[in-house]
*Asks:* 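Below is a structure I'd like to ask you about.
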Amino acid sequence: MCGISGYVGPRTDAGKIVSDGIKHLEYRGYDSWGVACKQDGAIKIQKDTGKISGVDSSIFCSTSSLAIAHTRWATHGGVTSVNAHPHMSGDGTIAVVHNGIIENYQELRDDLITKGHTFKSETDTEIIPHLIEEEMKSTDDFAHAVRNACKMFDGRYALLAMNTTSETIVAARTGSPLIVGVNKTKGGYFIASDIPAFAEHTKTVQYLDDGEMVVCDGKSILFTDIASGEERPKREVEITWSVEQAHKGEFAHFMLKEIMDQKESIARAVNQDEEQIKTIAKAITDAKGTFLVGCGTAGKACMAAEYFFSVIAEHHINFAPASEFKVYHHFLQPESLMIAVSQSGETADVLEAMKVAKSKGAKVLAIVNVEGSSIDREADYTLLINAGPERAVASTKALTGQMAVLMMIAYAMKNQLHEGKTLLLESAGQITELLNPRYVERIEKLAEMIQDKEDLYIIGKSWNYPMALESAIKIQEVSYIHAEGFAGGELKHGPIALIEEGTPCIALVGNDEVTTDIISNTIEIKSRGAMTIGVAPENNEAFDEWLKVPDVGNAQALINIIPIQVLAYYLAVKRGKDPDMPRNLAKSVTVK
Ligand code: F6R
């Protein structure tokens with residue numbers, strides 16, 4: 001959600017740098033954009049609704065060394081250019097971009113109105129430059145004024161502020177991400193919501209923590225605690241992934257690139273420190289209750305893991321969608337463990353659940369993709385899945401990476417870590433063959449066959465049940481076809497009434513103790529007219545269409561989901577939708 005990009009330094013094309021920066025943050029999801037540059041002592045703002053991608057970056061101020069930019073995903077106020085950021089103070093001297101929600105904005109706005117301020121937009125953000133303007137009445141120090149304003153906010157925010165009388169960017173965060181990029185050779189600083197905004201300029205980063213702010217004049221930078229003003233020295237961290245990893249390369253879309261990357265990304269997830277995996281396995285064994293939390297696709301990885309822990313480790317673990325966790329806290333004790341799973345590491349509902357767990361004294365293990373993200377930093381321990389940047393809104397390779405890590409832990413709990421690793425690596429090794437061009441073409445043809453259907457159902461049992469739910473998410477979010485996943489055995493308790501002549505139904509099948517059951521369920525729907533598509537190691541007369549997958553035993557869930565990811569991708573493309581940027585969705589869901 002909302003992307004922020006700022007630059008201050010020796011270069012004079014700051015407008016271009018920050019607008020290119022927000023183009024690299026498009027994947028986060030947005031509906032309007034804006035850029036503010038400082039030129040000749042004044043702040044110039046350009047903003048609009050729609051996409052920034054088609055806008056020529058050289059239109060933003062020809063000579064400027066200080067600029068901020070923003071992509072907005074509307075929360076308070078509709079999608080209009082007036083509501084787009086940056087927002088200005090009443091006197092036109094201060095510009096602000098902001099990610100998050102200022103929960104007490106109404107009260108602050110009312111107070112500002114009594115002091116004579118008038119507002120142009122319906123946003124919570126607009127109060128920020130006005131509050132800073134108020135503070136500037138009693139100080140010349142811009143950073144001090146921003147600090148005082150921040151102290152008044154309730155809620156989650158990341159913001160950048162600039163003004164006409166200083167050459168500084170002041171940034172602050174509580175709850176939403178901000179990362180500083182330092183160009184060590186040419187000088188200059190970048191401040192953004194995520195690394196792709198400045199990855200082409202530097203790989204040296206410094207992370208702001210919650211409750212911290214940064215003041216940067218392009219030559220030096222100072223990190224301090226917002227509340228106390230105390231200095232917070234920061235380490236410089238070198239990021240490991242390449243700029244190429246964050247680009248589409250030969251692929252038409254990031255989603256397809258990321259699906260294909262699973263040939264390698266699962267192996268990267270498996271490549272963990274074995275001692276750490278064993279320590280975590282022991283912590284789960286010893287814990288008084290372990291709760292898995294995640295949202296959306298990450299939540300489906302957690303749900304699959306419930307089955308991994310049950311079948312492989314014979315250990316009960318609870319899963320709750322992070323947004324529902326609030327009501328589970330009664331079960332938590334200081335000896336409990338929470339496992340928080342997230343690709344972005346910034347999902348507000350997950351952070352909230354972690355806060356609840358921590359308030360009960362429980363420890364939190366994070367399984368995330370983005371190093372340095374809020375969830376990584378706030379957890380007691382972290383395992384990185386090393387999927388590399390995932391830019392398509394629809395999560396694909398992060399899911400299989402998360403499941404691989406969770407499955408390894410389950411094997412480690414049974415003292416069978418090596419068996420688990422071998423199984424996962426062998427399964428990953430089969431993906432190259434699975435995703436051969438003929439197979440992908442076959443799925444594309446299948447997508448063509450069903451692209452005009454209004455409804456689509458997916459069934460599975462055991463760990464293929466969460467994968468049926470995940471299949472539905474993938475198909476819904478990129479193709480906008482109504483898709484629903486069910487546990488195969490549940491059909492006869494209601495959903496089977498939905499089946500009509502020709503309704504496409506996908507059955508996710510393995511070669512395991514539930515194969516006979518799920519085949520029976522497939523026959524039940526076929527005999528009611530459904531057009532059945534089996535994703536299975538073996539063909540069966542229950543299937544009208546068969547997508548063959550390798551038989552990988554306990555790792556079947558990781559493999560079965562892959563052809564469905566490809567199918568979802570082609571359904572979107574055939575229906576003329578952009579699979580990388582589905583409507584209404586954001587990559588990083590930083591609001592509750
Ligand atoms: C669906 C999807 C979302 C995310 C969810 C959690 O394809 O990507 O459902 O899985 O928003 O995001 P993370 O994993 O970043 O916490």
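Here the structure is a predicted model, which is why all the values come from computation and not from measurement. Whatever order the structure lists them in is the order used to number ligands and atoms, beginning at 1. We number each residue from 1, following the sequence as shown.
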*Asks:* Within the structure provided, determine whether H85 and I68 are in side-chain contact (heavy-atom separation under 4.5 Å).
*Replies:* no
*Asks:* Listing by chain and number, which residues have a heavy atom under 4.0 Å from ligand 1?
*Replies:* C295, G296, T297, A298, S342, Q343, S344, T347, V393, A394, S395, I473, K474, E477, V589
*Asks:* Taking atom CZ of F331 as the centre, report whether more than 12 heavy atoms of other residues, nucleotides or ligands fall under 6.0 Å from it.
*Replies:* no
*Asks:* For this output row, return yes or no: ring centroids of F309 and H316 closer than 6.0 angstrom.
*Replies:* no
*Asks:* Once the angle between the rings of H201 and F190 is folded into 0 to 90°, is it parallel (under 30°), tilted (30 to 60°) or perpendicular (over 60°)?
*Replies:* parallel
*Asks:* What I'd like to find out is whether the side chain of T123 reaches to under 4.5 Å of the side chain of Y105, using heavy atoms alone.
*Replies:* no
*Asks:* When the ring centroid of F319 is compared with that of F291, is the distance short of 6.0 Å?
*Replies:* no
